[in-house]
Amino acid sequence: MMKLKLPLIACLLIVLSACSTIKKDEHSAVDARINNIVWEVVSFNGKVLNQRDYGNGLPSITFEMQDNKINGSDGCNTFMGVAAYKGDNITAGPIATTQMACPGNTISGDFYEALASKHLTWALTGDGTLRLLVNDAEVMALKERQ
């Protein structure tokens, strides 16, 4: 039980310290079309993801725009952090993750690198696909979890 508590406490400390990187007076724009919805990553860097490859389900992201937060899963580990939302721009602060080892998980490093990009934007298409872009190039396509 103690082994589980120490990593959890460490993650919480990281998140709490990260909160100071997003200015308290910087209010995020809330877009109800993507806010507080669990979005599953259906493709990453042009490759369609197969749920069988992820023991804990497909990677997912929830944007909590009103609270300047972002959270979800990389398909193995869960994450949480702070983020500012301005128009179609997303600026994530430090992100804390759990540290479980999962066989078959192949996107976690690139996944977090994309979320941390200073040039991360989003676009919602007519078919309900949320596209995350870095420097106008799509890195993830997401669908609302059913």
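Start at 1 with the first residue, then count along the sequence.
- Separation of atoms OG1 (Thr121) and CG (Leu133) is listed at 4.5 Å; rounding is to 0.5 Å.
- For the pair Asp74 and Pro59, the tightest heavy-atom approach, listed with the atom from each and the gap, is O-CG, 3.4 Å.
- Taking Asn50 as the reference, Arg52, Asp53 meet the side-chain contact (heavy atoms from CB on, under 4.5 Å) condition, with sequence neighbours excluded.
- Between Val38 and Ser60 the shortest heavy-atom distance is CG1-CB, 4.1 Å.
- Residues passing the ring-ring contact (aromatic ring centres under 6.0 Å, His included) test with Phe111, sequence neighbours excluded: Phe79.
- The backbone N or O of Val82 sits nowhere less than 3.5 Å from a side-chain atom of Asn68 that would complete a donor-acceptor pair.
- For the pair Ile95/Asn71, no side-chain contact is recorded, criterion being any heavy-atom separation below 4.5 Å from C-beta on.
- Rounding to the nearest 0.5 Å places CG of Leu130 at 9.5 Å from CE of Met140.
- For the pair Thr129/Leu124, no side-chain contact is recorded, criterion being any heavy-atom separation below 4.5 Å from C-beta on.
- Pairs engaging residues 137-146 under the salt bridge (charged side-chain N to carboxylate O under 4.0 Å, His left out) rule: Glu40-Arg145, Asp127-Lys143, Arg131-Glu138 [sequence neighbours left out].
- Asn36 places none of its side-chain heavy atoms less than 4.5 Å from the side chain of Phe63.
- In this view, Asp31 and Arg33 satisfy the side-chain hydrogen bond (donor to acceptor under 3.5 Å, both in side chains) rule, not counting sequence neighbours.
- Annotation: side chain of Leu115 is in contact with side chain of Ile70 (closest heavy-atom distance under 4.5 Å).
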Worked check of side-chain contact (heavy atoms from CB on, under 4.5 Å) between Ile61 and Leu142: CA-CA 9 Å; Ile61 303 172; Leu142 304 96; 4.0 Å; yes

Verdict with supporting geometry, Leu120 and Leu132, side-chain contact (heavy atoms from CB on, under 4.5 Å): CA-CA 7 Å; Leu120 183 65; Leu132 295 184; 4.1 Å; yes

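- Of all heavy-atom pairs spanning Val41 and Leu49, the tightest one is O-CD1, 3.5 Å.
- Between Cys76 and Ala101, the closest heavy-atom pair is SG-C, 4.1 Å.
- Between the OH atom in Tyr54 and the SG atom in Cys102 there is a gap of 11.0 Å [rounded to 0.5 Å].
- Remark: Asn35 engages Gln66 in a side-chain hydrogen bond (donor to acceptor under 3.5 Å, both in side chains) (not counting sequence neighbours).
- Put simply, the side chain of Ser43 never gets that close to the backbone of Lys47: no donor and acceptor are under 3.5 Å apart.
- Taking every heavy atom of both residues into account, Ile37 and Ala32 meet most closely at CD1-O, 4.2 Å.
- In terms of modelled atom types and a separation under 3.5 Å, the side chain of Trp39 and the main chain of Ile34 share a donor-acceptor contact.
- Atom NE2 of His119 and atom CG of Asn135 lie 5.0 Å apart (nearest 0.5 Å).
- For the pair Trp122 and Met65, the tightest heavy-atom approach, listed with the atom from each and the gap, is NE1-CE, 4.4 Å.
- Residue pairs meeting the salt bridge (charged side-chain N to carboxylate O under 4.0 Å, His left out) criterion with at least one member in residues 54-72: none, sequence neighbours excluded.
- With hydrogens and angles ignored, the 3.5 Å screen pairs a side-chain donor or acceptor of Thr98 with a backbone N or O of Thr78.
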